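To start, the structure under review is shown below, and the notes come after it.
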Amino acid sequence: MAFESPLVVPGKEVSPADLLFACQVCAEEPLGEVGIIDRLRLSRLNDNPAKFQLLLEAFAGYILVDNWPKFWEQSSKKGSPGNKGIPW
């Protein structure tokens, strides 16, 4: 693992800064200094644990690949017995 983020290492406490960093990594944004807008966001999340928990759960739902739709799976078999069900 490139970094030991609390979002991927079990047993570590997650902070609003960890969530912000994870969102920046997933969005492929350049990492560097924390700007004024991000400091405001961090301040709001630190002051409102319920909102932080809501956003953390939303992010966790996004990164769970098992929940993503599987477009390559076919629900019903069509065609010949030798057909593998590949859609193209």
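Nothing here was measured: the structure is a model prediction, and the numbers come from that model.
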Are L55 and V14 connected in a single hydrophobic cluster, I mean Ile/Leu/Val/Met/Phe/Trp/Tyr linked by side-chain heavy atoms less than 4.5 Å apart?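 Yes, V14 connects to L55 through the hydrophobic network.
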
For residues 20-38, please give each side-chain donor-acceptor pair under 3.5 Å, one per line with the distance, not counting sequence neighbours.
unit_1 : atom_1 : unit_2 : atom_2 : d
Q24    : NE2    : D38    : OD2    : 3.3
D38    : OD1    : R41    : NH1    : 2.9

If the test is side-chain contact (heavy atoms from CB on, under 4.5 Å), which one of L54, N48, L56 qualifies with F52?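 Exactly one candidate clears the test, L56.
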
Main-chain N/O of S15 paired with D18 side-chain donor or acceptor, under 3.5 Å: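 Side chain of D18 to backbone of S15: a pair is present.
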
